[in-house]
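See below for the structure under consideration.
The basis for the numbers below is simple: all heavy atoms, side chains too, and nothing from hydrogens, waters or symmetry mates. Just so it is clear, the structure is predicted and the values come from calculations on it, not from any experiment.
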Amino acid sequence: MRTPIRRGLAATLAVSALTLTAACGGGEKDGAAKDGADKPAAGATTAAPTSEAPAAAKPLTDAQMKAALLELKDLPSGWKTTKHADSKTAYKTSKTECQFFADMMSSDGITGATTGPSADFARGNNDAEINEQVLNFTGTGAADHLKQLDTAIDTCAEIPVEADGQKMKITVKKRPAPQGAEEALAFSLGVEVAPGITIAPNFAYARQGNGVVRLMVLAAPAASKDFDEIAKTATDKFVKAAQG
């Protein structure tokens, strides 16, 4: 199973390296929620993740995951829905402690997680793009996932990455997380796709119970405020759906 938000970033990097145009996104894959289903999906803040995982919660239902996704009506004017082709690019790094980010950029799924539905949006001539993905875990998998991510963010300020023979440098910088979920994290990736050419997608992760929503916004650096507002909107909608 491939994770849309990952293949979206992979597509962004591949296209940016060749055409200097960012493209990211995805669609629902196998295991995505069905309309109106209420059964739990198979498989599986605003503070940073704590050292002790919370008690296990029930996985999100298919209906909850579907309700958690952003819709066009949730976004400011100028956005449109979009989809992009799959990418099979695999990323590797010599820093084993930072493999989390290389895996996040690759096309494989997350171990222990069930991939829920996704949503993709673009603005203008694809000069800004959004990808949102819902993930479902069992046990303490969701809390463990955010704890692992938090550790990686603090450990990996700069990461050498290689894909398809192309070498690039990635920087990781934590940024303020959206408020409202049991746990949330946000960070920016600075991806040098060619000498002197860097793209900077922003990410937000929020956990509520056994569900995790991941948001990626790729836009001009001047649109940082847009990311904060979109991340807050996405988090609020996800929490409401998870508690419903």
Can you confirm whether Glu129 sits close enough to Phe121 that some side-chain heavy atom of one is under 4.5 Å from a side-chain heavy atom of the other? no

Determine the minimum heavy-atom distance between Glu132 and Leu70, stating which atoms define it. OE1-N, 2.7 Å

I'd like to check Asn202 versus Met216 (side-chain heavy atoms, cut-off strictly below 4.5 Å). Are they in contact? no

Residue pair Thr233, Asp74: steps toward the side-chain hydrogen bond (donor to acceptor under 3.5 Å, both in side chains) verdict: CA-CA 7 Å; Thr233 299; Asp74 300 317; over 6 Å; no

Side chain to side chain contact (heavy atoms under 4.5 Å, CB included) for Gln166 and Tyr91? Distances and angles first, verdict last. CA-CA 10 Å; Gln166 178 187 358; Tyr91 293 82; over 6 Å; no

In terms of heavy-atom contacts, does NZ of Lys80 have more than 12 from other residues, nucleotides or ligands at under 6.0 Å? yes

Looking only at heavy atoms, which two atoms of Ala206 and Phe238 are closest? And how far apart? O-CE2, 3.5 Å

Audit row: Lys232, Gln179, side chain to side chain contact (heavy atoms under 4.5 Å, CB included) steps and yes/no: CA-CA 7 Å; Lys232 175 58 175 172; Gln179 303 292 302; 4.2 Å; yes

Residue pair Lys174, Asp154: steps toward the side chain to side chain contact (heavy atoms under 4.5 Å, CB included) verdict: CA-CA 8 Å; Lys174 186 176 286 188; Asp154 291 337; 3.2 Å; yes

How long is the straight-line distance from CD of Glu158 back to NZ of Lys173, given to the nearest 0.5 Å? 14.0 Å

Can you confirm whether or not the ring centre of Phe187 sits under 6.0 Å from the ring centre of Phe101? yes

Going through the distances and angles, do Met65 and Val213 end up as a side chain to side chain contact (heavy atoms under 4.5 Å, CB included)? CA-CA 9 Å; Met65 289 194 290; Val213 66; over 6 Å; no

Assess whether atom NZ of Lys95 is packed by more than 12 heavy atoms of other residues, nucleotides or ligands within 6.0 Å. yes

In Å, rounded to the nearest 0.5 Å, how long is the span from CZ of Arg214 to CG of Leu149? 9.5 Å

Tyr205 and its side-chain contact (heavy atoms from CB on, under 4.5 Å) partner, picked from Leu215, Asp150, Val212: Val212

For Ala231 and Ala204, which heavy atoms make the closest approach, and how far apart are they? CB-CB, 4.0 Å

I want to check something: taking the side chain as every heavy atom from C-beta on, are Ile130 and Leu75 in contact at a cut-off of under 4.5 Å? yes

Closest heavy-atom contact between Pro178 and Ala186? CD-CB, 4.3 Å

Does the pair Lys92/Asp164 count as a salt bridge with the N-to-O cut at 4.0 Å? no

Does the Gln64 side chain pair with the main chain of Thr61, one donor and one acceptor, at a distance under 3.5 Å? yes

Checking Gln148 side chain against Phe100 main chain: does a donor-acceptor pair fall under 3.5 Å? no

Using 0.5 Å steps for rounding, measure from the CG atom of Leu135 to the OG1 atom of Thr114. 9.0 Å

Would you please test Asp144 and Arg207 for salt bridge (Lys or Arg N to Asp or Glu O under 4.0 Å) and show each step? CA-CA 11 Å; Asp144 293 342; Arg207 180 188 70 79; over 6 Å; no

Would you give the length of the straight line joining atom NZ of Lys169 to atom OG1 of Thr171, rounded to the nearest 0.5 angstrom? 7.5 Å

Between CG on residue Asn210 and NZ on residue Lys58, distance to nearest 0.5 Å: 11.5 Å

Going by heavy atoms in the side chains, are Thr93 and Glu162 under 4.5 Å from each other? no

Just by distance, do the side chain of Glu97 and the backbone of Cys156 share a donor-acceptor pair under 3.5 Å? no

Indicate the atoms forming the closest heavy-atom contact of Pro59 with Thr138, along with that distance. CG-CG2, 4.1 Å

Do you know the tightest heavy-atom contact between Leu146 and Ala184? CD2-N, 4.3 Å

Looking at side-chain heavy atoms only, is the closest gap between Arg175 and Phe203 below 4.5 Å? no

Approximate separation, where rounding is to 0.5 Å, of Gln243 CD and Leu60 CG: 11.0 Å

